[in-house]
Amino acid sequence: MENMALPKPYDPVEDSALEFEKLVWEAKEGSRQAFNRLIDRFHQDIFRMVFFRIGSQMDAEDITQDVFLQAFKNIGQLKTLGHFKAWLYRIAINRIRDFYRKKRFRSLISIFSENDAVDEDGPGDFQQPDPDPLDNVIQKDFWQQFSLSMDRLSKMEKEVFLLRFIDQLGIREIAQALSKSESTVKTHLYRALVKVKKDKGLKNFFNAGTI
Amino acid sequence: MNMKTEQHLNEDHILRAIADEMHLPKEIRQHLLNCADCRQKKQETENGFHRLGEAVRQLSPLPKRRPRLQPETRQKMFMFRRPLLAAVVSVLLVLMVGWWVVPLKPHFDTVSRYTAQSDLWEDEKLMSEISKLTENPLPESYTVLISESYTDTEDDYMEYLVPSADDQPMLPELNKNARYLTKKGGLLC
């Protein structure tokens, strides 16, 4: 009797991780239903991630659509089921790069044809409309300060910071998504933390914690 | 006990700890493990960054449409999903069209050969007319009037300039004249 294995205590984190891997495995086997559940789970995160890097809702929605189509097409190539999230973010990062490449090309063409105006990303029209005008002003101010703060970071520092604190990815996931080593990611993250912490414009929001 | 008297972590150490705790110097890592104040300070700073992220996330709009997978089309246009296969098929199509067009080519060759031959005949005709004109520029009616052909006159003239070997009896007389001229020449000199 003593040798009998005791029932394993319920661990919601482990259980959901197993369930998640099962879902990814089913999707890898070609189950559209399983993949649709993965879409339900991640599409808002991917949309937000794309939106913060592009600034246009419509473009972000189109890119999110592309990301999931590409993911569905290539999920057979995914080797480790647990890396699905990082893999999805990697696809999104590549799609964003493609978007900017095309945008640069369009802006080059627009030099020759003035009619094709390239849409500029205005950080002012980012936030959701708030019924309270005071909140609206505060939000706008916050967004401006945040954008300025991010502009002071290098490209990689900004990317690592956003992935860590906005997209809430772990260091290993960031390294996988950016195809960099973990130590490189940590170095960039440290530099980004120093710059953001020193930013006077963001200090009030940083300490208050709410907007 | 000793840890309490040690210097607490500064802001740089705290930020380093947030980025990568494992790579902190051993003493600092040890202090962080044992000092509740420093751990709390680190946690508060990290929470501040997370709160910042949360505030930014609140500003993000929600997507208006959910991504959709394309409807299943398993058999339909199967080969055009593979670009290489599509490229090969396109090349084959071009070759087939080329093969179909090739038999028309000899027809065009024959036509061009006939044209070239008729041009050649025209040229030859023209050249023969030109050579006729160089031999005798006068029309045929005029040659009848002058009662001798232009070529005959030319032959006589050439005979006069360069006598043929048959006119041997002329030679002694010529020699005589030559001798006379030499004498004269000598006198003149």
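Lettering follows sequence order; numbering is per chain, from 1. Not measured: the values here are computed from a predicted model.
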### Query
Heavy-atom distance under 4.5 Å to chain A: side chain of N47(B), backbone, both or neither?
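No part of N47(B) comes within 4.5 Å of chain A.
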### Query
If you count heavy-atom pairs under 4.5 Å between each of D62(A), D66(A), I171(A) and chain B, which one has the most?
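Of the options given, most contacts go to D62(A).
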#### Entry: Winner by heavy-atom pair count (cut-off under 4.5 Å) against chain B, out of F146(A), F165(A), F72(A)
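Top option by heavy-atom pairs under 4.5 Å: F165(A).
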Looking at [atom1] of [X] and [atom2] of [Y], how far apart are the two atoms once the value is rounded to the nearest 0.5 Å?
| X | Y | atom1 | atom2 | answer |
| --- | --- | --- | --- | --- |
| Y190(A) | D20(B) | OH | CG | 11.5 Å |
| R57(B) | D167(A) | CZ | CG | 8.0 Å |
| Q168(A) | H50(B) | CD | NE2 | 7.5 Å |
| L69(B) | Q65(A) | CG | CD | 8.0 Å |
| I14(B) | L193(A) | CD1 | CG | 12.0 Å |
| Q57(A) | R65(B) | CD | CZ | 9.5 Å |

Crowding at [atom1], [X] (>12 non-hydrogen neighbours, <6.0 Å):
| X | atom1 | result |
| --- | --- | --- |
| E122(B) | CD | no |
| R37(A) | CZ | no |
| E29(A) | CD | yes |
| K28(A) | NZ | yes |
| R152(A) | CZ | yes |

Side-chain touch [X]/[Y], heavy atoms, less than 4.5 angstrom:
| X | Y | result |
| --- | --- | --- |
| R68(B) | I39(A) | no |
| L52(B) | F161(A) | yes |
| L62(B) | F51(A) | no |

### Message
Looking at every heavy atom in both A55(B) and F142(A), which two are closest together, and how far apart are they?
### Response
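Taking every non-hydrogen atom into account, CB-CZ, 3.8 Å.
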### Task
Just give me the residue among A19(B), G53(B), P63(B) that pairs up with chain A most often, heavy atom to heavy atom, under 4.5 Å.
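Ranked by heavy-atom pairs under 4.5 Å with chain A, first place is P63(B).
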### Task
Report the option among H23(B), E11(B), R16(B) that has the most heavy-atom pairs separated by less than 4.5 Å from atoms of chain A.
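Looking at each of H23(B), E11(B), R16(B) in turn, R16(B) comes out on top.
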### Message
Please check: side-chain N/O of E61(A) versus main-chain N/O of K64(B), any donor-acceptor pairing under 3.5 Å?
### Response
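Judged by distance alone, yes, a pair lies under 3.5 Å.
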